[in-house]
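As C-alpha cells, the structure follows; a few thoughts come after it.
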Amino acid sequence: MKEKENIIILCLVVIIMLRIITFVVSYDQQKKAIEKIKEQGEFKYGYISENAEISNIFDSFKEFVYDESHEDINSFSTAELFTIIGYNIKDKDIKDVKKDGTYSYGYIKKELLDKRIETIFGKGKIKITKEKNDDDVIEINAGKFKNTKNEFRNAVLLKEEKDRYYFRFLADEGNVGACGSRENIPIKIIKIFQIGNDIVIEAKAVQTKITLENDNDSCLVEVMNKKEQIDSFNIKLEERTYTIDIDKYQDKASDVYIYLREESKGKYRFSESKIG
C-alpha cells in the first residue's frame, strides 16, 4: 500500500516539475518575443496632429489625388511628378532671368529641387535630367511651377550644370474656355493617424464637371463623389471662375487616403493614395 502511495506521489512530483518547466520555457519564449518586437519597433496606432511636413506633402499632391487613386509613384505622369516636386518653387528661386520673345530663361539651384525629391519620394528614385540613365530611376524634365507668377508657370529643362538647372519658361495661355475655371482643389484633411510606423492622411474630396447650358448664357456645375452627383448649380459666363466649398459637401464627399511610409527615423515618403 505504501509503495503504491509512493508511486502516486512520484507521479505528482513529475507532473508538477513538467508544468514548472513548461511555464519557464513559455515565459522565456514570450520574453524573447517581446524583446524582438521592441527591437523592430513597437506597433503604434492612434491619431496625430498635422504638422508642416505633412501639410507640405498633402498640398503638393492634392491636385493629383483628389479624383484618382495612385498605387505608387509610377502611376503619375512625369509632368505630374515634376509639378509635385516643384510645388515650393517661388519667383525668388529663379535666378539670372532673361527674356527672348515668347520664352523666359533662368537658373534654379539643384539643391532646392533635389532636396524636394528626397523629402517627398526618397533618394535615388527620381532624377531631373534630359538623359536616360537608369531603368530603376524615373527621369523628369518638364512640368509646372504652380506657385510662381504666370511667366514661369511651364518649365522645360534645357541643361544641367554642376550646382544648378537651366530652364526655359512659358506662360499659361489666357483662354480658360467658355465656362471659366475652378479656382480651388476641393479636398481637405479630416484626420491623420499612425499605423505602425506609417502615417495615413484621411481627406474628403468632391469632383466637378462643368458644361455650357443650351441658352449659351450660363454653365452648369455638377458636384459629384465617386458614386453619384450630390449637387449642381449654375454660373454666369461672365463670372469666369468659381470655387467649391468642400465643407458644404463633407458628409457626402469621397474618402481619400494618402499613405506615407517611414523610410528612416521620422522621415516619411509618399507611398500610395486611394479613393474609398
Strictly distance-based, threshold 3.5 Å: is any side-chain N or O of K92 a donor or acceptor partner for the main-chain N or O of I89?
no
For K159 and L157, indicate whether the former's side chain and the latter's backbone hold a donor-acceptor pair under 3.5 Å.
no
R168 to Y105 six-membered ring, cation-pi geometry met (6.0 Å, 45°)
no
Measure from the ring center of F152 to the ring center of F145 and say whether it is less than 6.0 Å.
no
If you measure only the distance, is there a donor-acceptor pair under 3.5 Å linking the side chains of R269 and T119?
no
Checking side-chain polar atoms at under 3.5 Å, does N56 have a donor or acceptor matched by the opposite partner on R116?
yes
I'd like to know if the side chain of E80 reaches the main chain of S77, judged simply by a donor and an acceptor atom lying under 3.5 Å from each other, with no hydrogens or angles considered.
yes
Less than 4.0 angstrom from a charged side-chain N to a carboxylate O is my criterion; do R261 and E263 meet it?
no
Is D251 salt-bridged to K204, going by a charged N under 4.0 Å from an acidic O?
no
When you check the side-chain N and O atoms of T129 and E139, is any donor under 3.5 Å from an acceptor?
no
E161/R164 ion pair, N-O < 4.0 Å:
yes
Compute both the distance and the angle, then confirm whether K191 meets the cation-pi test with Y47: under 6.0 Å from the six-membered ring centre, within 45 degrees of the axis.
no
So if you build clusters from Ile, Leu, Val, Met, Phe, Trp, Tyr with side-chain heavy-atom gaps below 4.5 Å, do M224 and V221 land together?
no
Are the charged groups of D231 and K248 less than 4.0 angstrom apart, N to O?
yes
Looking only at heavy atoms, the pair that brings I275 and S254 closest together is CG2-CB, 4.0 Å
Whether the side chain of S181 engages the backbone of T241 through a donor-acceptor N/O pair (distance < 3.5 Å, no angle test) should be reported.
no
Any link between Y87 and I73 through a network of hydrophobic side chains (Ile, Leu, Val, Met, Phe, Trp, Tyr) touching at under 4.5 Å?
no
Can you tell whether the side chains of E160 and K110 come within less than 4.0 Å, N to carboxylate O?
yes
For S104 and F169, indicate whether the former's side chain and the latter's backbone hold a donor-acceptor pair under 3.5 Å.
no
For atom NZ of K252, decide whether the heavy atoms of other residues, nucleotides or ligands shown that lie under 6.0 angstrom number more than 12.
no
Ion pair K149/E151, N-O distance below 4.0 Å
yes
Where the side chain of N184 meets the backbone of I244, is there a donor-acceptor pair that is under 3.5 Å apart?
yes
E68 side chain to V65 backbone, donor-acceptor under 3.5 Å:
no
Parallel, tilted or perpendicular: which fits the ring planes of F82 and F167, with parallel below 30° and perpendicular above 60°?
perpendicular
Hey, any chance L81 and V137 share a hydrophobic cluster, counting ILVMFWY side chains that come within less than 4.5 Å of each other, even indirectly?
no
D100 side-chain N/O to Y103 backbone N/O, donor-acceptor pair under 3.5 Å
no
Hydrophobic clustering (ILVMFWY, side-chain heavy atoms < 4.5 Å, transitive) - are I192 and I258 grouped together?
yes
Aromatic centroids of H70 and F64 separated by under 6.0 Å:
no
Measure the CZ-CD1 distance between R182 and I210 for me, rounded to the nearest 0.5 Å.
10.0 Å
If you measure from the Lys or Arg side-chain nitrogens to the Asp or Glu carboxylate oxygens, is any gap between K109 and D93 under 4.0 Å?
no
With side-chain hydrogen bond (donor to acceptor under 3.5 Å, both in side chains) as the criterion, how do N234 and E213 come out once you've worked through the C-alpha distance, each side chain's angles and the decisive distance to 0.1 Å?
CA-CA 9 Å; N234 288 86; E213 293 281 66; 3.1 Å; yes
Check whether F270 and Y66 end up in the same hydrophobic cluster, where Ile, Leu, Val, Met, Phe, Trp and Tyr are linked by side-chain heavy atoms less than 4.5 Å apart.
yes
